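Below you'll find the structure, written out as C-alpha cells, and then a few comments.
A, B, ... follow the sequence lines: proteins, then strands. Residue 1 opens every chain. Since the model is a prediction, treat every value here as computed from it, not as a measurement.
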Amino acid sequence: MPELAEVAYACSLWNPGLGSVVEEVICHPKSRVYRELDRKVLEEELVGEKLASAETHGKQMLFGLSGGNWMGLHLGMTGWLSVEDENYEAGKHDALVLRQSKRALVFRDPRQFGKLTLDQGKGKPEWWELLPPLMTCPEFTMELLKKVLKRHGRQPIKALLLDQRYFPGMGNWMADEVLWRAGIQPAKLSGKIETSKQKLLFEKIVFVALGAMDSVGKFGGDPPEDWLFHVRWKDGLLCPNSGEPLVREKIGGRTTCWSPALQK
DNA sequence: ATACCTGTTTCCCG
DNA sequence: CCGGGAAACAGGTA
C-alpha cells in the first residue's frame with residue numbers, strides 16, 4: 001500500500017505515542033525487516049526513552065527518541081503502523097511492538113519487505129540528511145527534471161518516475177496518475193519526451209504529490225473522485241476523461257494502467 | 001492450484 | 001564503471 005501520502009498518514013497514526021516513554025520493545029524473532037539491525041541493541045536503546053519526534057520524507061520515516069536514538073523505518077510493500085491498547089499481544093506478522101503505559105505502537109509487515117534501522121547521535125542521521133529533495137519543495141525544479149530525463153533517456157518514463165533517487169515517495173499508482181494527467185504514454189522513452197510535455201510532466205508530478213498529501217496524507221482514505229486512482233485497479237474500465245477503454249499491462253516491471261486515447 | 005501484488009536490492013548483461 | 005532489465009525476497013488474496 002504505502003507510497004508518499006500513505007506513508008505520511010501511517011506515520012501520523014503513531015502520533016498518540018509522542019511524548020511517552022517506551023516501556024517494552026517486542027521484536028519479531030524471525031522477521032526480515034531487521035536486516036543488519038541487532039534486536040537486542042534496539043531493545044536496550046529504546047526502552048526507557050521517550051518517543052520525541054516522527055516525520056517522513058518520501059517513503060522513509062524517522063522516529064526520534066529522547067536519548068539520542070533515531071529509528072528509521074521503511075514500510076516496504078505491505079508494512080503498516082497502528083496503535084493498539086496497552087495490553088496488546090504481538091500477532092504473527094507484527095515485526096515490532098513498542099509498548100507504552102497507555103498504548104502499544106505496532107509495525108506490522110506480512111511480506112517483510114520493510115526495513116528498520118537505528119542510528120545514534122545528537123542530530124538526525126546522515127542518510128536522512130542526504131535524501132533527495134521532495135517533489136513538493138522549491139529545490140525540486142524543472143531543471144532537475146530535464147537533467148534526469150536526459151541522463152536516463154533510454155528508460156521508459158514510467159520506470160524512471162519510480163526511481164527514488166529523483167522522485168522520493170513516487171509509487172506505482174502515483175506514477176500512473178502523473179502520466180495520465182500529463183498525457184504521456186508510460187512506455188515512452190524519457191529522452192524522447194517533447195519540451196512542451198516536459199513542462200506538463202513537471203506540473204503534474206507536483207500536482208499529484210500535493211494532491212495526494214492533501215487528501216490521503218491527512219485523512220487516510222482515497223484521493224479526489226476525478227483521479228485515475230479509482231479505476232486503475234482492475235481490467236475493463238473506461239478512462240474517466242476520454243470514455244475510451246483503459247489498458248493494464250506490465251511496463252517497467254510494474255502493472256501500469258493507462259489511456260491510449262489520451263496518452264501519446 | 002494458479003496468478004497477482006501500492007517496493008527495493010541484487011545479479012547479470014551489454 | 002555505467003545503465004537497464006529481470007529475478008528474488010515472502011505471504012496474503014482472488
Side-chain angles (χ1 to χ4, degrees), chain A residues 1-11 13 28-37 56-61 72-82 90-96 107-117 127 130-132 135 147-180 186-192 205 208-209 211-213 215-217 220-223 227-237 246-258:
Chain A
M1 209 175 182
E3 36 198 272
L4 183 78
E6 288 135 348
V7 172
Y9 180 67
C11 184
L13 294 175
H28 192 290
K30 292 273 173 56
S31 178
R32 188 170 169 269
V33 304
Y34 289 91
R35 315 294 173 101
E36 305 305 305
L37 177 56
T56 69
H57 183 113
K59 295 176 192 171
Q60 303 283 349
M61 294 183 186
L73 178 57
H74 192 294
L75 294 174
M77 195 94 104
T78 55
W80 200 248
L81 302 186
S82 66
K92 184 179 174 191
H93 299 298
D94 293 341
L96 176 70
F107 164 38
R108 181 173 183 275
D109 185 7
R111 276 176 88 180
Q112 306 165 48
F113 293 172
K115 185 180 173 183
L116 275 165
T117 60
W127 66 264
L130 294 176
L131 291 173
M135 297 178 279
K147 212 187 299 177
V148 172
L149 291 174
K150 195 169 180 182
R151 170 151 182 206
H152 299 278
R154 306 281 315 158
Q155 183 103 280
I157 183 60
K158 166 72 188 259
L160 184 58
L161 283 176
L162 293 173
D163 193 325
Q164 301 299 298
R165 292 173 297 176
Y166 309 116
F167 310 104
M170 185 76 75
N172 203 28
W173 73 250
M174 283 182 78
D176 284 359
E177 189 76 45
V178 166
L179 294 173
W180 178 66
K188 182 119 176 159
L189 295 187
S190 302
K192 293 266 178 70
I205 290 170
V208 169
M213 287 300 274
S215 51
V216 183
D222 291 347
W227 284 37
L228 179 70
F229 178 92
H230 299 281
V231 291
R232 71 171 300 282
W233 305 99
K234 56 180 185 182
D235 292 336
L237 299 185
L246 292 167
V247 168
R248 294 178 80 237
E249 60 184 331
K250 194 87 85 177
I251 297 174
R254 310 297 301 279
T255 300
T256 299
C257 176
W258 65 290

task = Write down the distance between CG (A:Asn172) and P (B:dC4), rounded to a whole number of angstrom.
result = 15 Å
task = Look at all strands and tell whether A:Lys30 reaches a base, only sugar-phosphate, or nothing, counting heavy atoms closer than 4.0 Å.
result = nothing
inquiry  = In this structure, how many angstroms lie between the P atom of B:dT8 and the CZ atom of A:Arg165, rounded?
reply    = 12 Å
query = Which whole-number value in Å describes the distance from A:Arg35 CZ to B:dT8 P?
reply = 11 Å
message = What is the separation between atom CD1 on A:Ile251 and atom C1' on C:dA6, rounded to the nearest whole Å?
response = 16 Å
message = Is the phosphate of C:dG11 approached by A:Lys92 (side-chain N or O, under 4.0 Å from OP1 or OP2)?
response = no
key: Protein-nucleotide distance (A:Leu161, atom CG; B:dT8, atom P), rounded to Å   = 14 Å
task = Please determine which of A:Lys30, A:Arg35, A:His28 meets the side-chain contact (heavy atoms from CB on, under 4.5 Å) test together with A:Arg32.
result = A:Arg35
message = Using whole Å, what does the distance between atom C1' of nucleotide B:dG14 and atom CZ of A:Arg154 come to?
response = 12 Å
inquiry  = Students often get this wrong, so: under 4.0 angstrom with heavy atoms, is A:Lys250 touching a base, only sugar-phosphate, or nothing?
reply    = sugar-phosphate
task = Output the single nucleotide from C:dC9, C:dG12, B:dC5 whose closest atom is nearest the side chain of A:Arg32.
result = C:dC9
inquiry  = Please report the interatomic distance CH2(A:Trp227) to OG(A:Ser215), rounded to the nearest 0.5 Å.
reply    = 5.5 Å
ask   = Closer than 4.0 Å, any side-chain N/O of A:His152 to the OP1 or OP2 of C:dG4?
value = yes
query = Any side-chain heavy atom of A:Met174 within less than 4.5 Å of one from A:Ile205?
reply = no
message = By a 5.5 angstrom centroid cut-off and a 30 degree plane limit, is there stacking between A:Phe113 and C:dC9?
response = yes
ask   = Under 4.0 angstrom, heavy atoms only, what part of the nucleic acid is A:Gly171 near: base, sugar-phosphate, or nothing?
value = sugar-phosphate
task = Would you indicate, yes or no, if B:dG7 has its OP1 or OP2 atom less than 4.0 angstrom from a side-chain nitrogen or oxygen of A:His74?
result = no
task = Please tell me which of the listed nucleotides, C:dG12, B:dG7, B:dC5, lies nearest to the side chain of A:Glu3?
result = B:dG7
task = Nearest whole angstrom, please: distance from the C1' of B:dA3 to the CD of A:Glu249.
result = 18 Å
query = Is A:Gln112 near enough to C:dG11 that one of its side-chain N or O atoms lies under 4.0 angstrom from OP1 or OP2?
reply = yes
note = Whole-Å distance, A:Arg254 CZ to B:dA3 P, equals 20 Å
task = Determine, step by step, whether A:Tyr166 and A:His152 satisfy the ring pair (Phe, Tyr, Trp, His ring centres under 6.0 Å) criterion, reporting the C-alpha distance in whole Å, the side-chain angles of both residues, the deciding distance to 0.1 Å, and the verdict.
result = CA-CA 11 Å; A:Tyr166 309 116; A:His152 299 278; 5.3 Å; yes
Side-chain donor-acceptor contact under 3.5 Å, A:Glu6 with A:Trp80 = no
inquiry  = On DNA chain C, compare the nucleotides closest to A:Gly252 and A:Arg151; which residue's is nearer the 5' end?
reply    = A:Arg151
task = Mind listing the closest non-hydrogen atom pair of A:Leu161 and A:Met170 along with its distance?
result = O-CG, 3.1 Å
ask   = So, is A:Gln164 close to the B:dG7 phosphate, meaning a side-chain N or O under 4.0 Å from OP1 or OP2?
value = no
request  = Output yes when at least one side-chain N/O atom of A:Lys115 is less than 4.0 Å from OP1 or OP2 of B:dT8, else no.
outcome  = no
